[in-house]
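This report concerns only the one structure given below.
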Amino acid sequence: MKAAQIREHSSPLDASQAAQLESLVESLSPMQATWISGYLAGLNAALAEPGAVADAAPAAAAGSSQTLTILYGSQTGNAEGVAGSLRDAAQAGGITARLADMADYKPKDLKQESNLVVVVSTHGEGEPPDDAEDFYEFLHGKKAPKLDGVRFSVLALGDSSYEHFCETGRVIDERLAELGGTRVIDRVDCDVDYDDAAEAWTADVLAKFAAPEPAGDAHPTVTSLPTAARTPQAPTRKNPHGAAILANTVLNGRGSDKEVRHIELDTEDSGLIWTPGDSLGVVPSNPPAAVDALLAALQLDGDARVTGVDGEVSLAHALRHQYEITTLTRPFVTQYAQLAESGDLQNLLGDDQRDAFADYVYGRDLTDLVREYPVPGLSASDFVRLLRKLPPRLYSIASSHAANPDELHLTVAAVRYHSHGRDRLGVASTHLADRVGEDDTVPVYIDANKSFKLPADNDTPLIMIGPGTGVAPFRAFLQEREEQGAGGDNWLFFGAPHFRTDFYYQTDWLRWRRDGLLSRLDVAFSRDQADKVYVQHRLREQARDVYGWLENGANVYVCGDADRMARDVHDALGDIIAEQGGMSADAAADYLKRLQKEKRYQRDVY
Amino acid sequence: MPEIQPDFNDVEHIKSRSNYLRGTIAESLADRATGAVADDDTQLTKFHGFYQQDDRDLRAERKQQKLEPHYQFMVRLRLPGGVLTASQWLALDEIARTYANGTLRVTTRQTFQYHGVFKEHLKPLLQAVDAAGLDAKGGCGDVNRNVVANTNPHRSRLHAEVHDWTHRVSEHLLWRSKAYEELWLDGESGGEPDHEPLYGSQYLPRKFKIAIAIPPENDSDVYANDLGFIAIADGDELLGFNVSVGGGMGATYGDPATYPRLGSVIGFCTPDQVLAVSEHVIGIQRDYGDRVNRKRARFKYTLDDNGLDWFRDELNNRLGFSLEAPREAIFTGNGDRFGWTQGDDGRWHLTLLIENGRIADFEHQQLMTGLRELAGVHRGEFRLTCNQNLIVANVEEADRPAVQTLVDQYNLDGGGSQTALRQAAMACVAFPTCGLAMAESERYLPGFIGKLDAVMADAGLDDKAIVIRMTGCPNGCARPYLGEIAFTGKAPGKYNLYLGASFTGDRLNKLYRENIGEDEIMAELVPMIHRYAAEREPGEHFGDFVVRVGIIHPTLEGRFFHEDVGDAA
Ligand code: SRM
Ligand SMILES: Cc1cc2nc3c(=O)[nH]c(=O)nc-3n(C[C@H](O)[C@H](O)[C@H](O)COP(=O)(O)OP(=O)(O)OC[C@H]3O[C@@H](n4cnc5c(N)ncnc54)[C@H](O)[C@@H]3O)c2cc1C
Ligand SMILES: Cc1cc2nc3c(=O)[nH]c(=O)nc-3n(C[C@H](O)[C@H](O)[C@H](O)COP(=O)(O)O)c2cc1C
Ligand code: SF4
């Protein structure tokens, strides 16, 4: 170790002290030097305590009341081992310590920590261990909290034969400081023979983190403003909130023919407040390609001025943001048929032609109609007058406000299909999927749903049936129940085409099942075997238990496809009740009605 | 019989409470919400022949997708001596296409692995394997593993006799619990309580491996095994075996207490003593192996920690007789002989290079289809080699043309494009299935060999074989520490480079450079290969050359593997 000439520095040491120190420093390995610097710092902190003696550690430990959180990220178990020993040593020393794997740690808890130590290794080429990835990304992401008041230290494990030695530890250490944390002990980088360095650091941690807060800034009193004062007006359909997208990822694995996305919106300071079961209203814009195609079919100039929803705008703007152009409605076709003076169209609108009309509009949009039945000389204004406002779309909220007020999650199936010779896009789903850039926002509001709510009693058991995107609200339900520490049993039925690619939020459900929050998890993957198996089949297989749960006061929730699933599930429930309860079909129907009345059977289907 | 102690490692506790390898495997199979089995069960399924893995190419992506890893299983069959009939080949081929990823993988221990088997296919797969007269018992796990042996059947009578012993040793050391039949073959549960006469309820502290060699060929790398039998014959008459103990390859980076070790020859036994010797060597390891620290639980450490003398005494005691002094045995190489060879009974054997053991249909070589066709007409048997290759064995003179026609049609022998270097090279599986891989191996080595081929040609060494071995981590599955040149993965694209093992598998190599990429590797090897071309002595092998001219220190014993590493100059 090279001693930076101490005598040349304006040090308070006399010449002989300086010489002694210099010669000591020369003889030190980096690890020893680190240890000594920690030792002196600790000594210094102890001396600063009024009335403290040099040997302050035990006294300090006894006086400490704050938990030491030991967070580790480990691939092959070394960091985990060091962290575990630190926990044991801390407890032996009377310090309350909590050991947490980065994989299981809720990163938003960070800001509540007061004493945080991190033990983390580096893998790949300077990358974090797999299980630490999320935490690592979180620290660097938009959601990373301010860490003022958090005292921390980092122990980095690595292997100096790698180019990026102890990179993960280094970066985390820097980042914690950047976020406002107070580095109590300088980071220690350990090579493959880490034991001694880790032990020295452990001793240092025990000494430093045991010391109570200096009296000066103990318990600063901060009165927070009442929430209402800070909260802006709750956004509405008319006055939506522009939310930024924090995450937008496809939930389907490779090879799936589905595209369901997990979308996270930033709701910090948005005034958006919801409870599980509510939906989010999304005010979308039309796909530019659809607008272009329509303008071309109309042979109109997009710059033409028209009276839009609230004042004059260009035709292109109106078609893009204000009016529906992808769905052929009966009123529109009726008015258009008059302008087009088309007998065929008039016929199609006849009362006896309902099926033919439905067939015609399915998979067609305004462009198809205009191409097929052009109206020569139709003006931009006249056309716009025929249009209806672009309606918002609803999406079940897939996260709990109580668990995470700053984010709102959605589970969105992107609608893309090909019909009548063109590729077509669902308006809102692809708006969310494709067309909200990094710096853009999407206008949203809460669409509360009083009839899809968790029971007031946290002990009530829940049966949740949510195949496909229908599972979204149940993620919010379970987050909420986890947050509340609700004791009731929870049973989820999920279904999708393929287990390996379409099991939405699989890792969440499995985690909750492991933690005991989700008591039962039954899944039906329709296309993984010769016979199609759906949620209703799983319900029937479990008839005895389903009925048992109902008799035990369970609430039943169904969410998702309205056309077939909700009906099939309803029928299955009726049959189960009749069979297991030994009653007639009518009595079973009454049973279900009673459940509905008592709000124990709730559905949110679309 | 050892019984569970509180300080034993986790795996020991799992075995102890598993009710003779059942654990909760049945419940795990029934759980539809995950493609994995319960954590504890992942240790137990190994005894049944399969490992839980996941497709590592998809790991990061699926995490983002909030999907669990792409769990799948690798199933390893038990195939003593690597021999199977043509109809078994057809059955195994069909299983691969029905229940696995459509490939067969010949391993460095003479058997097949299936990759990409989903949980729901495990039972039908194992039933189909059973129907083919085979099993996967002890394919993996803390028991005796597949017993390997010299493959070349040209010395027909001697070979047949040795193969018979290979079989008998394997059968003798099988685990006996009814769990396998119960879980996979719809066997009855209940009945007589299980017990394991040889292994006890704790089984072994770690895997155990046995090999048999017939000098002068050491293609089974006998010294890399916990227990080795080296056949001593007088002409075609088998006299007995030299007994080698304590070989093993695995090591852990940064932990010098772990190291590869070659077997020590401690004596000679007659054929009828082979089963007793096997059983008692295993018994000693069972009773004295380290059950606290799993990283040091292999037999080689038991031996080095207690000393060879102690071991010899203990063994002789248990045997009730003393091993005789070892006889002379000389090996000339550990590779395979490629192409057609004729046995002393007049029948023909065709050895085909299966690059890194992977049987699949490649663009220029339809191995999977071609070998299926071949199995359809072949009347002899197939033999797998410990160098991951294949012998179409016992072809009658009259059948040769038919076999050769298929070989040509599907380019099964590479059409003469295979260099001596490629024929002597071997890589372990590594990515994307191996959970322990740190760098590519099977998917990387073929291209890398192409680059070295050019260097060899340049140096005028076209037809010279150098044993090159690569693994994706330090565990040693392709026996890298016996490579004249070897690589073990450290990180994506980065390898440790080792030099100086012997050509015959009786001297370990030594670390030369640490954690380097392809450019640096080439910068080291190119001048070395040219120097070898210029300065070698007649018949001198590369591994011996680098030691003789002082490029690397020789490793004379496993314990000294970590000493004097790096450039010896
Ligand atoms: C397939 C095979 C390599 C190949 O390319 O052929 C292989 C593949 C694996 N080996 Fe091996 N080993 C294979 C021969 C070997 C050998 C060579 C030999 O036995 O001649 C060794 C070195 C000899 C020895 O045992 O010392 C070997 C030493 C290991 C080790 C290190 C053991 C140790 O003592 O440290 C591990 C890791 C472990 O057991 O913890 C391992 C573990 C593994 C696993 C199962 C990884 C794991 O534990 O998760 C690999 C599966 C990869 C995959 O995706 O298929 N494998 N493994 C070989 C199968 C042999 C067989 O049929 O039984
Ligand atoms: C209470 C509620 C909750 C909801 N929750 C969710 C949720 O959590 N997740 C979710 O993804 N959705 C949810 N929806 C549905 C969502 O609101 C939208 O309806 C859906 O996303 C489609 O909207 P879009 O604007 O993308 O498609 P649109 O532009 O509205 O297009 C959809 C229309 O395209 C046509 N079409 C679609 N496919 C084809 C085809 N193959 N061939 C021909 N025509 C076709 C159909 O006419 C269909 O109605 C919910 C709806 C409600 C009412
Ligand atoms: C595949 C692999 C890659 C590694 N890469 C690095 C690296 O880039 N930088 C480093 O400092 N250490 C690296 N290491 C070393 C580890 O950080 C070191 O072994 C550490 O002790 C592991 O701790 P853990 O068991 O808690 O994961 C790597 C280790 C492995 C296995
Ligand atoms: S050597 Fe390592 S990387 Fe290769 S197969 Fe064995 S365990 Fe996997």
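Here the structure is a predicted model, which is why all the values come from computation and not from measurement. Convention: sequence-line order gives letters A, B, ...; per-chain numbering from 1.
- Heavy atoms closer than 4.5 Å to chain B are found in both the backbone and the side chain of A/R254.
- When heavy atoms are compared at a cutoff of 4.5 Å, A/D528 does not approach chain B at all.
- The part of A/R538 that comes within reach of chain B is its side chain, from C-beta onward, which places non-hydrogen atoms under 4.5 angstrom from that chain.
- Both the backbone and the side chain of A/L251 have a heavy atom closer than 4.5 Å to some heavy atom of chain B.
- For the pair A/T507/B/K63, no side-chain contact is recorded, criterion being any heavy-atom separation below 4.5 Å from C-beta on.
- Within the 4.5 Å cutoff, no side-chain heavy atoms of A/V250 are placed close to those of B/Q64.
- Within a 6.0 Å sphere centred on CD of B/Q5, heavy atoms belonging to other residues, nucleotides or ligands number more than 12.
- Residues B/Q65 and A/T249 form no side-chain contact, since every pair of their non-hydrogen atoms from C-beta on lies 4.5 Å or further apart.
- B/R97 CZ: more than 12 foreign heavy atoms inside a 6.0 Å radius.
- When the heavy atoms of residues 498-506 of chain A are compared with those of chain B, the residues falling under 4.5 Å are A/F499, A/R500, A/T501, A/F503, A/Y505, A/Q506, listed by number.
- In this structure, A/D88 places its CG atom where more than 12 heavy-atom neighbours from other residues, nucleotides or ligands lie under 6.0 Å away.
- The contact between B/Y71 and chain A is made entirely by backbone atoms, counting heavy-atom distances below 4.5 Å.
- Closest of all the heavy-atom pairs between B/L67 and A/G253 is CD1-N, 3.5 Å.
- Counting heavy-atom neighbours within 6.0 Å of A/K142 NZ, excluding the residue itself, gives a total above 12.
- Taking B/A257 as the reference, B/D255, B/R296 meet the side-chain contact (heavy atoms from CB on, under 4.5 Å) condition, with sequence neighbours excluded.
- Of all non-hydrogen atoms in B/A33 and A/L521, the two that sit nearest each other are CB-CD2, 3.5 Å.
- Taking a 6.0 Å sphere around NZ of A/K143, one finds it holds more than 12 heavy atoms contributed by other residues, nucleotides or ligands.
- Proximity to chain A (any heavy atom under 4.5 Å) is restricted, for B/R62, to the side chain, taken from C-beta onward.
- Annotation for B/R59: atom CZ counts as buried by contact number, over 12 foreign heavy atoms lying within 6.0 Å.
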